[in-house]
Structures are given as structure tokens and as C-alpha cells.
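Atoms considered below: every heavy atom in the structure, side chains included; atoms not considered: hydrogens, waters and symmetry mates. Keep in mind it's a predicted model, so treat the numbers as computed, not measured.
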Amino acid sequence: MMTEQCEACKGTGYIDSSKQECPDCKGSGKPKSLDLTKMTEKDLGSLLEGGGKCQKCGGSGIITVKQKCEVCGGRGEKANCRICGQSLDADTQGDMCASCATKPLVQKLSPACDTSDLEIGMTYEGVVDSLANFGAFVNLNPRTRGLAHEKHLTRTPDVGETIFVQVKNIASNGNIDLVPVTLQEYQLLQVEKDIPRTQISKLRDHISKLVHISGEAIQIKQTGGPTIFTVSDETGTVPCAAFEKAGQRSYPEIESDMIVKVVGELSVRNSELQIEIREIRQMWGAESAAIKEEIESALDECSEPHETEFLVVSPILEALRPKMRLVAKEIRRAIFHSRPIVLRHHADADGITSAIAIEKAVIPLIQEVGGSDAGYHFYRRSPSKAPFYEMVDITRDISFATADNERHGQKMPLVLLMDNGSTEEDVPAMLQAKVYGMDMVVVDHHHPDDVVDQYLLAHVNPAHAGGDFGITTGMLGTEIARMINPDVTEEIRHLPAVSAVGDRSEAPEATKYIELVASRYSLDDLKDMALALDYEAFWLRFSEGKGITYDILNLGNLKRHRELVPLLVKQANAAIETQLEASLPSVKTQELPSGALLHVLDVENFAHKFTFPPPGKTSGEVHDRLCHKYPDKAIVTLGYGPDFTVLRSRGVLMNIPQMVRELQEEIPEASINGGGHLVVGSIKFVGGLRTKVLAKLAEKIGRAEVEMG
């Protein structure tokens with residue numbers, strides 16, 4: 001009998017309840033008469049101690065009266081006829097409606113069935129496969145065939161014709177003797193292979209046997225040969241292969257995200273389990289809901305992050321722990337649900353270290369869930385040139401995601417933004433991602449705008465806990481990575497220190513992370529790795545550069561690490577010196593009313609283009625030289641081009657995101673956007689209004705408070 005939850009009573013079996021005075025104790029809760037045969041040992045003990053409760057109401061004096069649901073007869077389920085699926089009345093006896101109960105029953109074997117599923121005397125639907133002098137061979141399904149002897153044939157059927165046959169006998173050698181049957185009215189019943197469901201985690205006990213699994217089809221991949229359906233239940237995933245013709249899609253009605261039942265032979269291919277499909281079908285109603293609920297419950301449990309202690313003591317990190325755990329849980333949930341992960345990060349030392357920390361944590365888990373090559377199908381990392389999620393980034397990510405969805409049936413990915421994603425500039429890309437069902441989480445230390453939170457599953461930013469950009473994304477990413485997979489701790493322990501020196505962090509946490517790895521890496525070692533990352537990131541552009549970044553961070557070949565980092569540092573320093581020789585003589589300096597020094601550089605005309613260091617880093621290097629030249633002065637360095645400016649500051653209490661908002665209101669025609677940290681950032685605008693924008697910006701810098709000088 002097919003059932004589904006009764007809508008009238010929501011599965012409870014009753015539609016109304018009311019509270020009434022207990023008729024046994026008249027509301028007192030005390031027993032009026034005692035039936036010792038119905039009392040438990042505990043009740044007797046309570047009675048002997050002077051207590052005792054009314055057995056009917058449990059001592060409350062009130063009973064609940066429930067009215068049985070008339071629609072389902074109190075079952076809580078809406079029963080349907082097992083033949084036609086029509087709803088049955090509450091008082092219907094049996095599992096068939098009146099119409100089906102009076103018509104002859106014809107069974108149709110599912111593809112997974114075999115001779116053992118046949119019943120002698122039962123009528124089946126079959127298809128004539130071939131003709132012989134002595135009769136007709138009839139296929140009852142793709143693997144079960146019998147013979148209708150010519151003495152039982154009243155006419156010669158056509159090959160391919162559907163006929164009804166009764167099983168007369170099944171010989172010891174498996175031969176099936178069939179007798180054709182003519183029916184005017186009948187009811188057709190699908191017969192499925194009766195095999196107990198096996199959880200995927202327990203499949204290894206059933207190699208070379210016929211198995212039944214039920215779960216969610218999370219990926220469908222068409223190869224040059226079979227179609228591969230990856231199915232996930234509450235315990236794991238397994239690939240299931242079906243072959244129609246070479247390169248032809250099998251079971252086109254099955255789509256990703258469906259709850260399916262699979263029956264097939266379990267085998268081992270390339271040391272990994274695979275089910276050769278006999279039958280796969282979509283599950284419906286209550287049985288589908290039950291499997292889905294089991295999967296979701298198990299998924300939620302295994303997605304819980306590990307309990308870890310931070311590598312350093314930090315009140316800000318402790319305050320951020322709940323949000324960090326939420327990010328870790330969303331990432332683990334994506335992994336165990338075989339949902340692809342797209343990791344986007346700013347293309348600098350901080351962004352790269354934060355992303356690689358997460359990468360080292362998730363890849364082993366992805367492979368554990370989906371097999372040795374799953375890292376190629378369910379994970380992708382890409383750098384972003386800007387410190388926000390640009391339209392070029394989201395466009396590429398949507399393009400890849402939709403292609404994978406169409407070709408392989410993959411889910412739309414979870415997007416993880418690191419060292420970007422906290423500002424209003426990210427919103428246009430987030431809106432596009434939302435259209436395509438791409439959820440997002442953000443780990444960032446740029447000054448946040450509240451507007452982004454409505455588009456995110458989780459958001460970690462030190463500003464939410466009273467911190468600032470001194471808590472780098474590399475620190476946050478490493479600690480989150482350890483919550484995801486604590487086994488990677490020793491391998492990534494030094495990444496927060498590299499990010500700290502790369503982002504010039506002066507936070508107490510930076511000193512602690514640097515001291516944490518001092519026995520292995522000197523401060524100069526950390527600075528060299530950070531510079532080498534920045535140098536290579538410029539040339540890598542939109543490539544993740546996994547091999548070379550791993551070697552720089554000593555996560556790959558030790559010999560290459562020792563040879564590569566000094567080489568890249570030498571090349572980077574040479575390029576910086578060449579750039580400064582061109583730029584420093586053209587720096588213009590003026591003292592602001594606040595006493596701070598404003599240094600201005602035209603990086604468009606007085607710096608080499610299209611080479612390292614780019615305008616932002618060039619301005620930063622100029623700023624560092626001027627800070628060294630004027631150690632006791634508050635300094636702001638402003639590098640500008642045709643339609644942009646970058647700012648670096650020491651000792652001047654600016655708020656660049658606030659300045660950007662004010663400029664947008666004051667010069668709306670300039671199409672101003674930008675941001676960053678409070679005292680380090682960039683601004684873009686319409687080139688024709690550069691003079692007006694820079695003049696207004698200089699005024700605001702001049703009004704900022706100074707804390708040194």
C-alpha cells in the first residue's frame with residue numbers, strides 16, 4: 001500500500017484535542033480506587049510513602065481528549081491503492097480500491113528482478129523477443145526470459161509485441177514455461193526486487209552481490225561509455241554505472257538532486273567501489289521524505305566542526321569563534337553533501353595564505369567523500385585581483401558552475417570569499433550569485449558594510465568583535481581550517497605569520513603567531529615568503545598557481561623552496577628598486593594643517609606600467625621609504641592614475657570607507673566606488689573628474705585627526 005502523510009491531521013491521526021477534568025479522580029490527581037495489578041513497583045513505593053497518583057491522568061487532574069481524524073481513520077497517513085494509486089477511504093479494508101480489487105492482476109517485473117521473483121500461476125507483462133519453430137521467446141524484463149510453447153499459442157505473435165503470459169512452471173535449470181493469456185480488463189502492478197536497503201558505508205561487506213541503496217543523486221556524468229550516477233546517503237557516496245550505448249545518456253529521466261533507489265551488482269574498479277546498475281528510479285512521497293530526512297540529519301551531525309583551541313590567545317578570536325564555527329560548518333556541510341566549493345581570494349600574501357590553509361583542510365575530506373579524483377570535480381580556487389568580488393570573477397564562476405551543472409549534474413557551488421567580500425562593492429556580484437543559487441560565506445578583514453550580510457550564510461570579520469585589519473585573513477583562515485580538519489595543523493601553522501608580515505599587521509596576535517613558529521622560520525624568512533607570494537601573484541594573474549605557491553610556502557618540495565624563495569625575492573627587490581628610482585624623484589610633498597605630511601605620486605606617468613610592482617604596491621613601497629625618512633611624522637601617501645587613487649597612511653586617523661561614501665554624495669557624477677581598510681585603500685572614479693575628486697579627497701585627509709608628529 002502506498003502512503004503519504006494525511007494533510008487533514010498533519011500525520012498526527014487526530015484533528016482536535018481538548019482538556020477535560022479527569023473522570024476518575026474528579027480533578028484531584030489522587031486515586032479514588034486502586035488496582036494493584038496495574039501499578040508499577042515505583043507507584044507502589046510512592047503509595048507506601050504516602051503519595052500516589054491517579055493512574056488515568058498521572059496526577060495532573062486533567063486528561064486530553066483527542067478526536068480521531070475522519071480522513072485517515074486515525075492512521076496519520078493517507079493510504080493509496082497499491083495498484084492505481086487512488087486515495088482509499090478511511091474504512092477501506094485491504095490495500096486496493098474497490099475497482100482494482102475486482103480486476104485481474106498483471107505484474108510487470110522491474111529491470112532488477114530475476115527468476116527468483118516469479119510466482120507460478122501469476123500473470124506477467126512481457127515482450128516477444130524472437131520466434132522459433134517450437135514457440136515464442138518472451139522477455140519479462142531485460143534479464144528474465146521464458147518460452148511460450150507453440151502448443152499454447154492460438155496465433156503467432158509479432159516480434160516486439162507486448163503480451164500477457166502466465167508462469168506455468170520454472171524448471172530446475174531456470175527455464176521458464178509460459179502460457180499466453182488474453183485479458184480485456186486488468187490492473188498492472190510494478191514488481192520490484194525485494195532486497196533490504198544497505199547503507200553506503202557498509203557496502204564493502206557485499207562485494208559481488210546484488211545490493212539496494214537509496215539516496216540523493218548528487219552528480220550525473222556522461223562518459224564516452226557508461227553514465228555515472230554518484231549517489232549519496234546518510235553515510236557516504238558511491239558511483240553507480242549504467243550503460244545504454246557508448247556515450248549515450250542512460251536513464252535520462254533521473255536528474256541531480258532527486259532521491260533515488262538503485263539496485264545493482266557491487267564491484268570494485270580501480271580499488272574503489274562501484275555499483276553496476278540494474279535499476280534506478282526516482283522515489284516519491286513518504287519513502288522519499290524519510291530518506292531525505294535521514295540524509296539531512298546525518299549531514300547536520302557530521303558537519304559539526306571540531307572543537308579546537310586557537311594557536312594563540314586572543315580575545316578577538318574568541319569573540320569570533322561562533323561565526324568561525326558557522327563558516328567551518330557550512331564548508332563541511334558542502335563537502336559531505338558533495339556540493340562543489342569555489343574559493344575566491346585576494347591575490348596577495350594574506351589572501352593566498354588564508355585560501356591555502358582552507359584548501360589543505362578540505363581536499364582530504366573531499367577525496368574521502370568522493371574518491372581520489374573528487375578534488376578536481378568538487379573544488380576550485382581562483383585569485384581576485386581586486387580586494388572585492390568583481391563582476392569578472394562572478395561571471396567566470398557562474399560560467400563554470402552552469403557548465404558543470406549541465407554536463408555533470410553538479411549542484412551549484414558554495415562560494416567562499418577570503419580577504420574580500422565584506423564591502424558594498426561586493427553586492428553586485430552577490431546579487432548575480434543569488435540568481436543562480438550559489439550560496440556564499442565570507443572571511444575578510446576589510447572594513448565591513450552591513451548591507452552584505454543579507455546575501456551570506458556566514459560572515460567572519462574582526463570588526464564585528466571590536467578588532468580591525470590587524471587580525472589578518474590568514475590568521476582567521478588557518479583557525480577555521482583547523483576547525484574543518486585539525487589534522488592539517490602542523491602543516492599550516494606558519495601561514496598566519498606569513499600573512500601577518502605580508503599585511504604589515506601590528507596587532508598583538510601578529511607577534512604571537514610569529515613567535516609561534518620562530519624556532520623554524522625567522523622574521524626574514526617570513527618576510528621573504530610574503531614578498532615571493534606577492535611577486536608571483538602578479539604574474540599568475542587569474543591562475544591559482546598551486547604548485548609554485550606551495551613551494552614558496554614550504555608545502556611542497558623542500559629543495560625547491562630553499563632555491564625558489566631567494567630567487568623570487570631577489571627578482572622582486574630588483575623590480576621594486578627600478579620602480580622607486582623612477583617614482584621617488586616625482587613625489588610631491590605638502591604639510592597639512594594637521595601637521596601630517598601628504599605625499600602625492602602620479603603612478604601613471606612616473607612609474608613603469610604593466611610590470612611588478614603594480615600601482616598599489618608601488619605606492620606602498622614609496623610610503624615605506626617616506627616613513628623611514630620621516631620617522632616622527634604622520635604621513636599619508638596618495639598614488640593616483642587616470643581614474644583611480646590608492647592611499648597608505650601612518651599616524652593619521654582616516655576612515656577610507658566613510659570618505660568614499662561622502663565623496664559619492666558630494667560628486668555623484670564621478671561614479672566613485674572603492675574602500676578597503678580604514679587607513680589603507682583604493683578609490684575609483686570617472687577620469688574626467690580626477691582633479692575635483694583628488695581635491696575633495698585631500699581636504700578630507702587634511703581634516704583627519706593625527707595621533708603622532
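Sparse packing is recorded around CG of Asn133, with 12 or fewer heavy atoms of other residues, nucleotides or ligands lying under 6.0 Å away. Heavy atoms from other residues, nucleotides or ligands lying under 6.0 Å from OH of Tyr376 number 12 at most. Within 6.0 Å of atom CD in Glu253, more than 12 heavy atoms from other residues, nucleotides or ligands are found, so the atom counts as buried in its surroundings. Counting heavy-atom neighbours within 6.0 Å of Glu296 CD, excluding the residue itself, gives a total above 12. No more than 12 heavy atoms of other residues, nucleotides or ligands sit less than 6.0 Å from atom CG of Asn270.
Remark: Ser382 engages Arg380 in a side-chain hydrogen bond (donor to acceptor under 3.5 Å, both in side chains) (not counting sequence neighbours). For Lys411, the salt bridge (charged side-chain N to carboxylate O under 4.0 Å, His left out) partners at least two apart in sequence or on another chain are Glu216, Asp257. Taking Phe164 as the reference, Tyr186 meet the ring-ring contact (aromatic ring centres under 6.0 Å, His included) condition, with sequence neighbours excluded. Under the salt bridge (charged side-chain N to carboxylate O under 4.0 Å, His left out) criterion, Glu276 pairs with no residue, sequence neighbours left out. A search for side-chain hydrogen bond (donor to acceptor under 3.5 Å, both in side chains) contacts involving Thr115 returns nothing, not counting sequence neighbours.
For the pair Arg339 and Phe378, the NZ or CZ position fails the cation-pi test of under 6.0 Å to the six-membered ring centre and within 45 degrees of the ring normal.
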So Glu479 and Arg325, salt bridge (charged side-chain N to carboxylate O under 4.0 Å, His left out) or not? Walk me through it.
CA-CA 10 Å; Glu479 299 294 0; Arg325 286 183 57 82; over 6 Å; no

Should His206 and Thr198 be marked as a side-chain contact (heavy atoms from CB on, under 4.5 Å) after you check the CA-CA gap, both sets of side-chain angles, and the distance that decides it?
CA-CA 9 Å; His206 302 274; Thr198 300; 3.8 Å; yes

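Ion pairing between Glu330 and Arg333 fails under the 4.0 Å rule for side-chain N and carboxylate O. Taking the charged nitrogens against the carboxylate oxygens, Arg249 and Glu244 have no contact shorter than 4.0 Å, which rules out a salt bridge. Using a cutoff of 4.0 Å between basic side-chain nitrogens and carboxylate oxygens, Arg143 and Glu279 are not scored as salt-bridged. Salt bridge Lys329/Asp300: present, at least one basic N to carboxylate O contact under 4.0 Å. Between Lys193 and Asp117 there is a salt bridge, since at least one side-chain N of the basic residue sits less than 4.0 Å from a carboxylate O of the acidic one. A salt bridge links Arg197 with Glu234; the closest basic N to acidic carboxylate O contact falls under 4.0 Å.
Using modelled atom types, one finds no donor on one side chain facing an acceptor on the other under 3.5 Å when comparing Thr235 with Gln199. Defined by atom type and a distance below 3.5 Å, a donor-acceptor pair is missing between the side-chain atoms of Gln367 and Tyr379. Between Asn139 and Asp129, the side chains place a donor N or O and an acceptor N or O closer than 3.5 Å (distance only, hydrogens not considered).
Of all non-hydrogen atoms in Ile358 and Gly477, the two that sit nearest each other are CD1-O, 3.5 Å. Summarising the geometry of Leu326 relative to Leu457, their closest heavy-atom pair is CD2-O, 3.8 Å, with the distance given to 0.1 Å. Closest of all the heavy-atom pairs between Ile295 and Gly215 is CD1-CA, 4.0 Å.
Here the CG atom belonging to Leu299 is positioned 5.5 Å from the NE2 atom belonging to His337, to the nearest 0.5 angstrom.
Within the structure, side-chain hydrogen bond (donor to acceptor under 3.5 Å, both in side chains) contacts touching residues 159-172 (residues at least two apart or in different chains) are Arg155-Glu161.
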